[in-house]
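Note sheet for the following structure.
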Amino acid sequence: MNYLNELHPARPLVPVAEQEAYKEPTRPVEWHATSDKYHTGLKVTYHHDSAEAGAQQVQQLSDRVGQMNGTQEAGPTIALEVQRSSDRETVLRLSVAKADTAQLEVLTHELYRQREQLRPEPERQQETFLRVDYPVAKDWNRDLELTRQGLNAEQIRAQAQRDEQQREAERQQRLAEQHRQEQEQRQLARQQEQQRRENTPEAQEQREADDRRFNQAVLGAAVASPGAEPESRPFRSYQSEQEAAAHTAQFVHARDAGLILLKEYINDNPAPTGRKVDETEQQENRDRARYVERNPAQALATAPAAEEKTATWKIDEVAPNTTGRAEAWKEVLDNSSYSYKTSEIRSTIDEQGIRRAEFDMTYRNDQPDIAIIHAIITNTNARAEAGQEVYAGVSVSESEADRAVRQVVAEAAAIQPHNRDRSMDQASATPAAEGAPEPRAAGAVPAPQGDEKQVVIKVDEVTPAPGARGQAEAVKEAVAGSGAKTGDIQSTTDGQGIRHSEMKVSYRTDQPEIARISQTLDAVASQQGSSVIEHSSDRAERREISKGYEMAQPQRTQEITR
């Protein structure tokens, strides 16, 4: 627009003070455009011989502006204001929003033609002197660059559209990155505010009081009567529904789903109602199982003695861009200590971002726990087909021939789900050397066979201040003090500042400290924010053995020091 104002015809030389200079052109109309962040302004100056002539020119421009405003669907867009007027000069100002600058550009073309009509005949430009061409791409520099590459007008137009799409994609990416940074800053601010509240004297006193109550509960459980039932206390309590939802979203769909598998599959084939397996029958089952283990070819003649079978576990994630579900199921299966083996996990990700993983389970039909393995595979598929939530996306595939043979062998196996002996579950347990008596603590009640058990303790708590001991550390110290082995604490913190911790704990049923270990685990399970995950049969077994130790040591006392 300003360039149009500077266009003038060739100016002749005229004598000035004994020299020659270019003659100034006639300027009946002048204009100048300016722009700020939101608006574009155009200052128009009319030079005339009389006030009537100026009023006529102003009226002509006002009519044109009114015509343009009348054609806009959203209402008037051009604002016109007369700033000053005299006999020789009239100054106007037009203003539009930045998006409507093209309307002022149209007016400058008309002002240019009006000026050419008001100039003297010798100074006028020809009508075809000026032609306005707009760039096809973003600007003329880009047009020239693409032209030098040999592109024609149509190709330049297509490339301009691609450039615009790329700029829009980059803009969206910048907005997304900016949004992510803002979220991180808000989360950091929330964590800092949470830590600031936790560092107050009141919060520290509350943590100390909770720690004292926890220690008292652990010590109280150690001297509690054998008839106490920790099972009757709440397994877990939450401070709010939001806390419960956060815990469920983080843990239940992964490891807890696998734990439910091992907690429930034995109950699918219970003993007949009202029939209790006595000690004599249990001993016969143990002897038959050991005989089968020594003579697998004679007891299981229907299946090849050493041929390995393969069942493939397929586990899909329940949400896009998530992982860990297959690893959790594999870990639970591996920790069960049955005779099968699992392979490495293979996984792919589909177009929707869902991770689909699988791993192989290899087993042999001549193993004494083949009925248990058959129950695991069969019941997993049955629950998945029934639509149970924790089994969504889980399936076990195998050949029909392998399934049929395993079913026949499982029906004839000595160890069944309802009469199995937990001491036979640990496939990796090393039997005692023949003729060498096992060491035993004084007064301890000997178990039929020492067995190593594993449990997982989970603790949910508000993230402790730096350097402060949290509830997870207190739990680990109490459990280790009872005589059990504890692993390292694995912790994660969610967006609400809640720390989720877990640790693995192992103990043996023939330990002299089994009573204290059992009571400590029950005390931990009763505490708010803490949970002990273990097989229900393991829990019942350790409590039963613990009662036997307490009955064998009636005079035992404990010193409790503070």
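Minimum interatomic distance between Ser35 and Thr40 (heavy atoms only, all atoms of both residues): OG-OG1, 4.0 Å. Pro120 and Thr26 get closest at one heavy-atom pair: CD-OG1, 3.8 Å. Between Thr310 and Tyr363, the shortest heavy-atom contact is N-CE2, 4.4 Å. A pairwise comparison of heavy atoms in Ala53 and His48 identifies CB-CB, 4.1 Å as the closest pair. What you find for Tyr112 and Leu4 is that their closest heavy atoms are CD1-O, 4.0 Å. Across Arg499 and Pro464, no two heavy atoms sit closer than the pair NE-CD, 4.0 Å.
You'll find the side chain of Ile457 reaches within 4.5 Å of the side chain of Leu521, heavy atoms only. Considering only heavy atoms from C-beta on, Gln57 comes within 4.5 Å of Leu118 through its side chain. A 4.5 Å side-chain heavy-atom check between Asn5 and Glu30 finds at least one atom pair inside the cut-off. Taking 4.5 Å as the limit, every side-chain heavy atom of Glu358 sits out of range of all side-chain heavy atoms of Ile345. Residues Thr492 and Asp494 fail the side-chain proximity criterion, which asks for heavy atoms closer than 4.5 Å. When side chains are defined from C-beta on, Thr463 does not count as touching Ile498, because their heavy atoms never get closer than 4.5 Å. Here the side chains of Val455 and Ile533 are not in contact, with every heavy-atom distance at 4.5 Å or above. Contact annotation: the side chain of Ile156 never approaches that of Glu154 to less than 4.5 Å [non-hydrogen atoms, C-beta and beyond].
Between the side chains of Asn2 and Glu6, no donor-acceptor pair is found at a separation under 3.5 Å. Side-chain contact of Glu168 with Gln172: a donor-acceptor pair under 3.5 Å is present, judged by distance alone.
Note that the CG atom of Asp163 and the CG atom of Leu146 stand 7.0 Å from one another [nearest 0.5 Å]. Between the OG atom of Ser501 and the CG atom of Asp460 there is a distance of 8.0 Å, given to the nearest 0.5 Å. In this structure, Thr486 OG1 and Lys476 NZ are separated by 4.5 Å, a value rounded to the nearest 0.5 Å. Separation of atoms OG (Ser531) and CD (Glu502) is listed at 9.5 Å; rounding is to 0.5 Å. Note: Lys330 NZ to Glu344 CD = 5.5 Å, rounded to the nearest 0.5 Å. Note that CG of Leu80 is 5.0 Å distant from OG of Ser62, once rounded to the nearest 0.5 Å.
Note: Trp313 and Phe359 have parallel aromatic rings, judged against thresholds of 30 and 60 degrees for the angle between ring planes.
With salt bridges taken as basic N to acidic carboxylate O contacts below 4.0 Å, none links Asp36 and Lys98. Using a 4.0 Å cut-off between a side-chain N of Lys or Arg and a carboxylate O of Asp or Glu, Arg403 and Glu398 do not qualify as a salt bridge. Salt bridge present: Arg119 and Glu116 bring a charged side-chain N and a carboxylate O closer than 4.0 Å. Glu145 has a carboxylate O that lies under 4.0 Å from a charged side-chain N of Arg142, or vice versa, which qualifies the two as a salt bridge. Using a 4.0 Å cut-off between charged side-chain N and carboxylate O, Arg93 and Glu81 make no salt bridge. A salt bridge links Lys504 with Glu331: the distance from a Lys NZ or Arg NE/NH1/NH2 to an Asp or Glu carboxylate oxygen falls below 4.0 Å.
No donor-acceptor distance shorter than 3.5 angstrom exists from the side chain of Glu477 to the backbone of Ala474, with no hydrogens or angles considered. The backbone N or O of Thr348 lies less than 3.5 Å from no partner atom in the side chain of Arg355, so there is not a single donor-acceptor pair. Formation of a donor-acceptor pair under 3.5 Å by the Asn69 side chain with backbone atoms of Ile78 is found in this model. Without hydrogens or angle criteria, Asp143 side chain to Pro135 main chain gives no donor-acceptor distance under 3.5 Å. Glu461 places a side-chain N or O within 3.5 Å of a backbone atom of Gln471 that can act as its donor or acceptor partner. Although no hydrogens or angles enter the test, the distance criterion places no donor-acceptor pair under 3.5 Å between the side chain of Arg162 and the main chain of Arg157. Side chain of His32 to backbone of Val44: no donor-acceptor contact under 3.5 angstrom is found. Looking only at distances, no side-chain donor or acceptor of Ser85 sits under 3.5 Å from a matching main-chain atom of Thr90. Here the side chain of Asp100 pairs no donor or acceptor atom with the backbone of Gln103 at under 3.5 angstrom.
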Worksheet item: Are Glu177 and Arg180 close enough, and set up right, to give a salt bridge (Lys or Arg N to Asp or Glu O under 4.0 Å), and what steps lead you there?
Response: CA-CA 5 Å; Glu177 179 65 20; Arg180 185 188 63 80; 2.3 Å; yes
Item to complete: May I have the step-by-step check of salt bridge (Lys or Arg N to Asp or Glu O under 4.0 Å) for Asp49 and Arg88, ending in yes or no?
Response: CA-CA 6 Å; Asp49 296 333; Arg88 296 294 180 180; 3.7 Å; yes
Worksheet item: Should Glu170 and Arg167 be marked as a salt bridge (Lys or Arg N to Asp or Glu O under 4.0 Å) after you check the CA-CA gap, both sets of side-chain angles, and the distance that decides it?
Response: CA-CA 5 Å; Glu170 293 174 353; Arg167 286 192 294 270; over 6 Å; no
Fill in: side chain to side chain contact (heavy atoms under 4.5 Å, CB included) between Leu107 and Val65, intermediate numbers included
CA-CA 8 Å; Leu107 288 176; Val65 170; 4.1 Å; yes
Fill in: Steps toward side chain to side chain contact (heavy atoms under 4.5 Å, CB included) verdict (Gln19, Val16)
CA-CA 5 Å; Gln19 295 182 1; Val16 177; 5.7 Å; no
Worksheet item: Can you list the steps and then say if Trp31 with Tyr46 is a ring-ring contact (aromatic ring centres under 6.0 Å, His included)?
Response: CA-CA 9 Å; Trp31 58 88; Tyr46 284 103; 9.5 Å; no
Discussion item. Show, in sequence, the C-alpha distance, side-chain angles and deciding distance for Lys314 and Ser397, and conclude whether the side chain to side chain contact (heavy atoms under 4.5 Å, CB included) test is met.
Written reply: CA-CA 8 Å; Lys314 298 182 179 180; Ser397 62; 3.7 Å; yes
Worksheet item: Checking salt bridge (Lys or Arg N to Asp or Glu O under 4.0 Å) for the pair Arg84/Glu89: CA distance, chi angles, key distance, verdict?
Response: CA-CA 8 Å; Arg84 64 177 182 272; Glu89 183 181 77; 3.5 Å; yes
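A side chain to side chain contact (heavy atoms under 4.5 Å, CB included) with Ser343 is found for exactly one of Asp360, Thr312, Thr362, namely Asp360. Tested against Arg190 for a side chain to side chain contact (heavy atoms under 4.5 Å, CB included), the candidates Gln192, Arg186, Glu193 yield a single pass: Arg186.
Asp488 CG: 12 or fewer foreign heavy atoms inside a 6.0 Å radius. Annotation for Gln56: atom CD does not count as buried by contact number, only 12 or fewer foreign heavy atoms lying within 6.0 Å.
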